[in-house]
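Heads up, the thing below is written out as structure tokens.
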2 protein chains.
Amino acid sequence: MPGRWGKGPASWWHGEFKGCGYRITIPRQIILKVLEESSGHLSAEDIYLKVYKIYPAIGLATVYRTLEILVNMGLVSKFDFGDGRARYELIQDIKEPVHHHHLVCTNCGRIIDYTDFLEEEIELIKKIEKKLSAKYNFEIKNHTIQFNGLCDKCSNK
Amino acid sequence: MPGRWGKGPASWWHGEFKGCGYRITIPRQIILKVLEESSGHLSAEDIYLKVYKIYPAIGLATVYRTLEILVNMGLVSKFDFGDGRARYELIQDIKEPVHHHHLVCTNCGRIIDYTDFLEEEIELIKKIEKKLSAKYNFEIKNHTIQFNGLCDKCSNK
DNA sequence: TATAATAATGAGAATGATTATCAATAGTAA
DNA sequence: TTACTATTGATAATCATTCTCATTATTATA
Ligand SMILES: [Mn+2]
Ligand SMILES: [Mn+2]
Ligand SMILES: [Zn+2]
Ligand SMILES: [Zn+2]
């Protein structure tokens, strides 16, 4: 995640975090660190276990509390892929999010990220958002697009 | 839901149901009836309560079991809108599903169905599915598209 | 730096949706 | 009708997530 750190000790998110009245704590720093260094789709417990290795005093409730804040601040996306637990992933770049969509295998649960949209896809989404905003007077903040089916391994049984 | 019933007593779904080795039972008939007569986004408990009025002997576990079958058969869609309980809705027409997408208010939880896609939207989805299938060797069965934001009431505070 | 105010924490209990268990019942084919 | 067994309802068990609360850590301030 290049370009996010200044020269000082403060991380890219410290400013926004403090601006919202939140304190910079050890648990929060480590949770963010783990999110930064992991590839996506981690469950709260996944994150807890990774933090635990660095900081065994961590509590699971703190992980949940921190994730809730991050989701509300728009720094983390929360997904439900149907396996009974929520999944979290850091939004890579706040200014210009590297948005991506998901392919979810309904058999083995594998999740494939794809970002190589057709140019049209991006255009169309903007157009649809505009149309829906107008028609339903709805202020659209973000969207989720997911294709479900069978991955290569599962469709070849 | 016109055009689904023959002249006999059997409902449109009886054939497919039996074909899968499932028995036609009173609880299942009433659950389907409730799904047919309700507008979408019902939780398992919503369904349980509606069935209960007609058939008080119903058990909640039976509702869950039946819904699981219906989802697996592709007769019912299951969604998670982030309020901690799954939502179910009958797919209106199996042959030519009246597919729709959702606008979800992140403040009050209101859900708006929209089906009035731009013609381009439908075309593009087909194109994307084809591209993704080829690239990831993924057999796409269905998709979910959801826009999140604030509904008119909530954005006017 | 020391202090006060209070946000944040971790442990553990509580919640609540969903699933599993099991003996009794009902649907089906013969 | 009978025999077979899928299905059921009650209820216990699971398990992710949230809540409670006494303790601790962070921050602004003096
Ligand atoms: Mn992803
Ligand atoms: Mn709907
Ligand atoms: Zn798979
Ligand atoms: Zn709303």
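Below, chain A is the first sequence line, B the second, and so on; all start at residue 1. Since the model is a prediction, treat every value here as computed from it, not as a measurement.
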Worksheet item: OH of Y48(B) versus C1' of dT18(C): gap in Å, rounded?
Response: 15 Å

Fill in: Presence of T25(A) side-chain N/O under 4.0 Å of dT9(C) phosphate oxygens OP1/OP2
yes

Fill in: Closest to the R23(B) side chain, choosing from dA17(C), dA8(C), dA26(C)
dA26(C)

Discussion item. Between P on dT9(C) and CD1 on I58(A), what's the gap in Å once rounded to a whole number?
Written reply: 7 Å

Fill in: Residue pair H101(B) / D113(B), side-chain donor-acceptor N/O under 3.5 Å
no

Worksheet item: When clusters are formed by joining ILVMFWY residues with side-chain heavy atoms under 4.5 Å apart, either directly or through shared neighbours, do V76(B) and L49(B) land in the same one?
Response: yes

Worksheet item: Could you give the OH-to-C1' distance, from Y22(B) to dT5(D), as a whole number of Å?
Response: 15 Å

Response to the item:
Among the nucleotides dT7(D), dG10(C), dT26(D), whichever has the atom closest to the side chain of Y55(A) is dG10(C)

Practice prompt. Can you figure out which of dA10(D), dT17(D), dT27(D) approaches the side chain of A44(A) most closely?
Written response: dT17(D)

Item to complete: Report the distance from atom CZ of R85(A) to atom P of dT19(C), rounded to the nearest whole Å.
Response: 13 Å

Discussion item. Please enumerate all residues that pass ring-ring contact (aromatic ring centres under 6.0 Å, His included) together with F147(B), with sequence neighbours excluded.
Written reply: H143(A)

Worksheet entry | Candidates dT7(D), dG10(C), dT17(D) - which lies nearest the side chain of R28(B) | dT7(D)

Worksheet entry | N or O in side chain of Y64(A) less than 4.0 angstrom from dT18(D) OP1/OP2 | no

Worksheet item: The side chain of P27(B) lies closest to which of these nucleotides: dT8(D), dA8(C), dA17(C)?
Response: dT8(D)

Item to complete: Specify the separation, in whole Å, of atom CD of E45(B) and atom C1' of dA17(C).
Response: 9 Å

Practice prompt. Let me know which of I112(B), L150(B), N148(B) forms a side chain to side chain contact (heavy atoms under 4.5 Å, CB included) with L103(B).
Written response: I112(B)

Practice prompt. Calculate the interatomic distance between F17(A) atom CZ and dT26(D) atom C1'; express it in whole Å.
Written response: 13 Å

Item to complete: Nearest whole angstrom, please: distance from the C1' of dG27(C) to the CD1 of I30(B).
Response: 15 Å

Item to complete: From the options dT18(C), dA8(C), dG27(C), select the nucleotide whose nearest atom is closest to the side chain of I26(B).
Response: dG27(C)

Worksheet, complete the sentence: Closest non-hydrogen contact found for V63(B) with I31(B) is CA-CD1, 3.9 Å

Discussion item. Side chain of K18(B) only, heavy atoms from C-beta on: which candidate in dG9(D), dT17(D), dT28(C) is closest?
Written reply: dT28(C)

Worksheet item: Is the shortest side-chain N/O distance from T62(B) to OP1 or OP2 of dG9(D) below 4.0 Å?
Response: yes

Fill in: Minimum heavy-atom distance Y114(A)-H102(A), with the two atoms named
CE2-N, 4.0 Å

Fill in: Nearest-nucleotide 5' precedence on DNA chain C, R87(B) against V63(A)
V63(A)

Practice prompt. Quickly work out the L60(B) CG to dT14(D) P distance and round it to whole Å.
Written response: 18 Å

Worksheet, complete the sentence: Picking from dT20(D), dA8(C), dG27(C), the nucleotide nearest the side-chain atoms of R65(A) would be dT20(D)

Worksheet item: Distance-only, no hydrogens or angles: does the R85(B) side chain make a donor-acceptor pair with backbone N or O of A44(B) under 3.5 Å?
Response: no

Worksheet item: Does the distance from a Lys or Arg side-chain N to an Asp or Glu carboxylate O, for E121(B) and K127(A), drop under 4.0 Å?
Response: no

Discussion item. Report for the helix from dT1(C)-dA30(D) to dA30(C)-dT1(D): angle between first-end and last-end helix axes, five pairs each, rounded to 10 degrees.
Written reply: 50°

